[in-house]
Amino acid sequence: MSVFPKGFLWGGAIAANQAEGAWQADGKGPSISDVTPHGLGGEIDKKPIPGKYYPNHEAIDFYHRYQGDLQYMQEMGFNCFRTSIAWSRIFPNGEEAEPNEAGLKYYDDLFATIHKLGMEPVVTISHYETPLALHDKYGGWTDRHMIDLYEKYCRVLFKRYGNIVHYWMTFNEMNNTHTIPFAAAAIDVTGDVDHKTQQMYQAEHNMYVANAKAVRLAKQLMPDAHMGIMLSLSQAAVYPATPAPKDVFGAMQLQRRTFISADVQLRGEYPGYAKRIFKEHHFELEMGPDDLQLIHDNPSEYLGFSYYRSSTYADGTPIYGDTGGVVGRPNPYLKSTDWGWQIDPLGLRWICNLVQDRYNCPMFIVENGLGMKDKVEADGSIHDPERADYLKQHVQAIGEAIKDGCNIMGYTWWGPIDIVSAGTGQMSKRYGFVYVDRDDEGHGSLARSKKDSFETYKQIIASNGECVFEQGK
Ligand code: BG6
């Protein structure tokens, strides 16, 4: 009997802002990703500066080339494909009375193509691409106006795509509000630690309410849809750096900064430890009278998550973060990527087991991948055994987690085609099985070509994951 269940979802994931380009096409308004010349971890301009290079503005031009790109995905055997809807294609300023028909039409065609090629679309409603106008006017998710605007956006999406899209996630990596707040919550945190902490938890609270409203709306408009949350669980894959009790306890507290989002949205209530966090930072959350009931009555069904790496926590060592999770003291037992991300497939199995034990709900690994430099040989071939190894080791870890009893719905590799890095804006940080000829300055023909790892993933999917175990025997 095969380890991976029949109907397991195999595919890849991208985000609109990192792939589509066409940043002003067909009435699209600017999003928060359109003002970051070096990714969401770098400088942020107030508005796009004419003549300045912004990698997301053209990205890989998926907007005009998705037909061909999706054929590569079909050839690898994908039965699902995850992407996001760019909110500012639908509501360019976030609060127009009527949605932008041209933007809606684009996603009609995109989802129809995904289906025609034998894949289920898996859709993130908000993936680091809040309309810039909402950041400018309201300061992002610390303001409750965002809740109604998001609900209005969801209503349009569910009515329009409810028949064709069955897998949804409300917010990409909401817990990254604590490491990249502009990306995850469209906020600029200011002031002392207490004030910053308050802003981040307040933004998350407002997103919890928006998530609950989206779940409630989905029940009315598309009862068969699967509604998930999406978190970065690299943020939770934190080991104590030593057996010192302060390291062990501190690692657990860092995990809770992530698990709070799942505790609230999957279990339907704030955990006890939240009160202590708020008290120690001297604030109370602003809540509407019905917020807690709404959250309680509308939990999400599954936990989608990204996992790239693990990290360590040592008491007293400053903790930073980026798109891949938290950065603590280097773990001497693990190798690192060119970008310093520590490779840890067993950490993925560990995280799956933690999720199973804590929530006992379906989980969907919607991002995992290796960002590295690729070399194009004179004959055009690209040999990337490191990427193929990373893939095999992580698929094997998922298989082991399934054998442990974890309820895993699917796996989507991050960036099956090279796209712009969210954290750095680089093209040279490549995740793809399909290469895109474009460099960090925006030069290149945008031509696509297969890397060696393309075949590896194709074989894995064709064998429903079995070949990774055979090779290990
Ligand atoms: C996740 C994001 O945090 O990490 C993606 O959801 C992002 O948008 C991915 O691309 C990898 O990060 P980076 O910075 O290497 O692109």
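Positions are given from 1 along the sequence. Atoms within a ligand are numbered from 1 in the order they appear, just like the ligands themselves.
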With sequence neighbours excluded, tell me which residues meet ring-ring contact (aromatic ring centres under 6.0 Å, His included) with Y307. none
Evaluate salt bridge (Lys or Arg N to Asp or Glu O under 4.0 Å) for E455 paired with K450, printing each intermediate quantity in order. CA-CA 9 Å; E455 259 327 291; K450 292 179 196 170; 5.6 Å; no
Any pair counted as side chain to side chain donor-acceptor pair (under 3.5 Å), so long as it reaches residues 320-330, sequence neighbours left out: R309-D322
Going through the distances and angles, do R65 and D69 end up as a salt bridge (Lys or Arg N to Asp or Glu O under 4.0 Å)? CA-CA 6 Å; R65 297 169 192 243; D69 291 345; over 6 Å; no
Do you know which of E173, M200, Q235 makes side chain to side chain contact (heavy atoms under 4.5 Å, CB included) with T179? Q235
Given a heavy-atom cut-off of 4.0 Å, could you list the residues near ligand 1 in chain and number order? Q18, H127, Y128, N172, E173, Y308, T323, W341, E367, W414, S421, A422, G423, K429, Y431
Which residues pass the side chain to side chain donor-acceptor pair (under 3.5 Å) test with W350, sequence neighbours left out? none
